[in-house]
Structures are given as C-alpha cells and as structure tokens.
Amino acid sequence: MSHCSGFSDPSSFAEDGPEVLDEEGTQEDLEYKLKGLIDLTLDKSAKTRQAALEGIKNALASKMLYEFILERRMTLTDSIERCLKKGKSDEQRVAASLACVLCIQLGPGIESEEILKTLGPILKKIICDGTASIQTRQTCATCFGVCSFIATDDITELYSTLECLENIFTKSYLKEKDSNVICSTPNTMLHISSLLAWTLLLTICPISEVKKKLEKHFHKLPSLLSCDDVNMRIAAGESLALLFELARGMESDFFYEDMESLTQMLRALATDGNKHRAKVDKRKQRSVFRDVLRAVEERDFSTETVKFGPERMYIDSWVKKHTYDTFKEVLGSGMQYHLQSNEFLRNVFELGPPVMLDAATLKTMKISRFERHLYNSAAFKARTKARSKCRDKRADVGEFF
C-alpha cells in the first residue's frame, strides 16, 4: 500500500468524512477509499491504524453501506479485535466505537450476533480492568450496552451484561458510613456511562426481570442525586424517571414508599441556586429536573419533535428519549441520516419503512457547504449580538449572579 498515495494519510478522510464524497464524489469513490482504510487497520503504525478506524467509523456513521459492510464484516471484526487487545487507550476507544456503528449498520441478526460473540468478552474485560484508562472503559461500557441492545439473542447473556454494568455503577451508591454527599472520583464518568447503558438494556428486558431490578435499585438509585458531579445527578434523575415510567407501565397504581423525600430532592435540584455551582451546570440541571419532577409527580412528559429530511418523529416517553439520546451520542451528526435510511433504527422508533425520495426532492433539501457556512456565520453573529445586549442590561441594572 506504500505506493498508493490516496491512502497515505487516512486522517484526511477521518477529518473530512464522507461529506466530501456526498457532495463531489460517488458511491464507488467511497467504497474505494474504505477498502484502503480497511487495509490500513493492519498497519504497523498505531497512528495510522487509529486514523483508519476513525475514517471507517465516520463513514459508517454518516452513510448506509449495508452490502459493502456485510461482505467485509469478518475482516473488520478481526481488525477491531486486534486493536482492542493490543492497542493503546485511544486506539481501543476508536475500535470500540467502530464495533458499535458496525452493529447499527447491520441491525439485529446473525451477523451482529457473531460480532458481539467475538468482541463482547473483550469489551467486558476492558470495562472491568482497573488498570485500563477511565476513558477507554467508559467508551467500552457505552458500546457494550449498544451492541447488546442490538444483537443479544440469548436472554442469559443479556442478564450477564446487566450484572457487569451494575457492578460498575453501584460503586457510586451512598454507603451507610458516608456523609450525605457523594464525592466524585476519577471513576465517576465510567459509572455514569455504565448506568446509562444499563438503563438502555433494562428497556428490552422481560417484565419479570424489570421487576427484580426495580426492587433492587429503586431505593438506592436516589442516593446518586446527592453526587457533587452534575452529570451523575442528571444521569441518575433521568434513569429514575425512566424506571418510574416502566413501573407504572406494569402497574398503573404503582406506589413508591419514599415518594415524599424523593420529590423533595428533585424539587431542590429543579430550583437549585447554589452559588458554588457553575451557572451552566445549574441551568442544565434545573431544566432536566423540572422534567424529571413532572414525570415522577404528575406522570407527565414534555413531547419533543425531531425533524429529519421531510419527516418528523415525536419523542413522547422517557424510554424513547433515552434510546434516542444513546444512539445520537454514538452516531453524532449522522443520526438524522440513519433515522431516514436505517431500517433497524426506524423499527426501534416505529417510523415504518424508509421514505423513498426522488433525486429532485433530495436536491431541493440539500444545502451547499457555502450556504451552510453563511447560515452558521449569521447565527453566530446573532447570538453574539444578543449576548452583548443581555450583558449591557445586566450592567445597567447592576445584577450580579
């Protein structure tokens, strides 16, 4: 491959992504580049391997390539396995992310099951390995959860994955000897990712298993609301709202014994004015906990609308919101494209078969890169102007927060 200048710098594809090909190239160009990148995942240079993995991941997150991937899934799985076993932290993280997007492309079925069967034990080992970097373990926890959500066919394997994730995030639970506040540690971000992955998998468990988990965690999970890390508080709050939704779905007259103390905690977080917290954190926290409090007290959910192409999707439950947020975290800006084209995701969100659009309609929907740049610049200027006016008003009134 050394004489093929087109593949000499895989990072260029990783940075530009398939967007360049969408606008200027063809499907053949994309597949040709991807073949080169797949070969480069075997390169001796760790930097080259990592850039190749990143390029493939970006392509799969932004475009449906089912047939192309189907033919090469074993080669890709072998490369991912090798990078997870022998690579350093950054390479392992990209490899895990690629495994996740690979399963999203293939959807549920024997192909994804084989990928999970090969990579699952390695991901689990890294998650539980105290010597591995926190960032790597965190990425592996998310990817293990998503891959299991898509590909787990054996119910005992699903329960085993839930137990693995439980063993991680429950280490953040408030201990009896502790004070009323949970102090964050370097492991807190890993615990958050494990909790969110666990919550995702709980949505596909049989009712009998959901009941067991509710009995085990319903009275311990609220302790995470006292953590000094805002992201942990938010993850715990949203997980609690989802658990209440599942419980009430099984029993309409579901009764929670500690409802009064829980609603007091949620109300305090929804109106938090603690001066020691950052303003951005307080704003984000208050917004989330207003919704969580409304869900717990009033069984209410503020419906959100997601637009993609000519379609729109209504997120009208905590289960749907959590599932959407998880896949959006993995796919990034490619989420809208996959909602339009990926049959698996369309089934998950009950959108029906993909809507077929003719070339003329697609062209009218598309914005050129230059137009997008102008739009973003105008939006940035408008935000800056609005902020300046807001600061001027604050200065005049003399309010300081």
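All residue numbers refer to positions in the sequence shown, counting from 1. Because the structure is a prediction, the values reported are computed rather than measured.
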Does any part of the side chain of [Y], heavy atoms only, come nearer than 4.5 Å to the side chain of [X], both counted from C-beta?
| X | Y | result |
| --- | --- | --- |
| M259 | V296 | yes |
| D258 | S261 | yes |
| M335 | L339 | yes |
| C147 | L119 | no |

Is it true that a side-chain atom of [X] and a backbone atom of [Y] form a donor plus acceptor pair closer than 3.5 Å?
| X | Y | answer |
| --- | --- | --- |
| D39 | G36 | no |
| R312 | V306 | no |
| D228 | S184 | yes |
| S62 | A59 | no |
| S287 | K284 | no |
| E113 | T152 | no |
| Q138 | S193 | no |
| Q135 | R93 | no |
| R294 | R299 | no |
| E111 | L70 | no |

Trace of the ring-ring contact (aromatic ring centres under 6.0 Å, His included) decision for H191 with W198: CA-CA 10 Å; H191 297 175; W198 177 85; over 10 Å; no
Considering only NZ, NE, NH1 and NH2 on the basic side and carboxylate oxygens on the acidic side, decide whether [X] and [Y] come within less than 4.0 Å.
| X | Y | result |
| --- | --- | --- |
| K211 | E215 | no |
| R267 | E297 | yes |
| R346 | E311 | yes |
| D325 | K321 | yes |
| E157 | K117 | no |
| E166 | K216 | yes |
| E31 | K35 | no |

Would you compute the distance between atom [atom1] of [X] and atom [atom2] of [Y] and round it to the nearest 0.5 angstrom?
| X | Y | atom1 | atom2 | result |
| --- | --- | --- | --- | --- |
| I204 | I155 | CD1 | CD1 | 7.5 Å |
| F254 | L246 | CZ | CG | 10.5 Å |
| L293 | L240 | CG | CG | 12.0 Å |
| S226 | M232 | OG | CE | 10.0 Å |
| D300 | D291 | CG | CG | 9.0 Å |
| S97 | L331 | OG | CG | 10.5 Å |

Check against side-chain hydrogen bond (donor to acceptor under 3.5 Å, both in side chains), T199 and S239: CA-CA 6 Å; T199 306; S239 295; 3.1 Å; yes
Begin from the C-alpha positions of K63 and S341 and carry the test side-chain hydrogen bond (donor to acceptor under 3.5 Å, both in side chains) through to its verdict. CA-CA 9 Å; K63 200 169 182 69; S341 311; over 6 Å; no
Kindly determine whether E91 and K88 satisfy salt bridge (Lys or Arg N to Asp or Glu O under 4.0 Å), including the steps that lead there. CA-CA 6 Å; E91 187 178 341; K88 302 295 184 185; over 6 Å; no
Return the set of residues passing side chain to side chain donor-acceptor pair (under 3.5 Å) with S148 (not counting sequence neighbours), or none when no residue passes.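 Result, side chain to side chain donor-acceptor pair (under 3.5 Å) vs S148: none returned.
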Report the residues that fulfil side chain to side chain contact (heavy atoms under 4.5 Å, CB included) with T303, sequence neighbours left out, ordered by chain and then residue number.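 T303: side chain to side chain contact (heavy atoms under 4.5 Å, CB included) contacts with Y314, D316.
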Considering non-hydrogen atoms only, spot the tightest contact between [X] and [Y] and give its length.
| X | Y | result |
| --- | --- | --- |
| I127 | R137 | O-NE, 2.8 Å |
| S89 | S133 | OG-OG, 2.8 Å |
| M265 | P222 | CE-O, 3.5 Å |
| Y66 | L106 | CE1-O, 3.7 Å |
| F289 | G237 | CE2-CA, 3.8 Å |
| C140 | I126 | SG-CG2, 3.8 Å |

Side chain to side chain contact (heavy atoms under 4.5 Å, CB included) evaluation trace for D229 with R233: CA-CA 6 Å; D229 185 293; R233 294 196 297 274; 5.6 Å; no
Please report the C-alpha distance between L158 and C205 in whole Å, then the side-chain angles of each, then the deciding distance to 0.1 Å, and finally whether the side chain to side chain contact (heavy atoms under 4.5 Å, CB included) criterion is met. CA-CA 8 Å; L158 177 61; C205 281; 4.0 Å; yes
Is it the case that K124 and T161 place a side-chain donor and acceptor less than 3.5 Å from each other?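 Not at all, the side chains of K124 and T161 share no donor-acceptor pair under 3.5 Å.
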Report yes or no: do T75 and D78 form a side-chain donor-acceptor pair below 3.5 Å?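 Absent: no donor and acceptor within the cut-off.
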Less than 6.0 angstrom separating the ring centers of F218 and F244, yes or no?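 Distance test on ring centres: under 6.0 Å, yes.
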Can you check side chain to side chain contact (heavy atoms under 4.5 Å, CB included) on T142 and L196, steps first, answer last? CA-CA 8 Å; T142 299; L196 294 175; over 6 Å; no
Take I122 and K125 through the side chain to side chain contact (heavy atoms under 4.5 Å, CB included) test and state the conclusion after the steps. CA-CA 5 Å; I122 305 168; K125 185 178 179 182; 5.6 Å; no
Can you tell which of L102, I150, I80, L76 makes a side-chain contact (heavy atoms from CB on, under 4.5 Å) with I115?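 In the set L102, I150, I80, L76, the residue that makes a side-chain contact (heavy atoms from CB on, under 4.5 Å) with I115 is L102.
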Stepwise ring-ring contact (aromatic ring centres under 6.0 Å, His included) check, F149 with F144: CA-CA 8 Å; F149 179 87; F144 191 31; over 10 Å; no
Could you give me the CA-CA distance, side-chain angles and deciding distance for H219 and Y173, then say whether ring-ring contact (aromatic ring centres under 6.0 Å, His included) is met? CA-CA 10 Å; H219 298 284; Y173 279 169; over 10 Å; no
Set of salt bridge (Lys or Arg N to Asp or Glu O under 4.0 Å) partners for E329, sequence neighbours left out: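 For E329 there are no salt bridge (Lys or Arg N to Asp or Glu O under 4.0 Å) partners, ignoring immediate neighbours.
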Under the ring-ring contact (aromatic ring centres under 6.0 Å, His included) criterion, do H338 and F327 qualify, and how do the steps go? CA-CA 10 Å; H338 276 266; F327 281 97; 9.5 Å; no
So for atom CD, which belongs to E298, do other residues, nucleotides or ligands contribute more than 12 heavy atoms lying within a distance under 6.0 Å?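 Atom CD in E298 is crowded, with more than 12 foreign heavy atoms closer than 6.0 Å.
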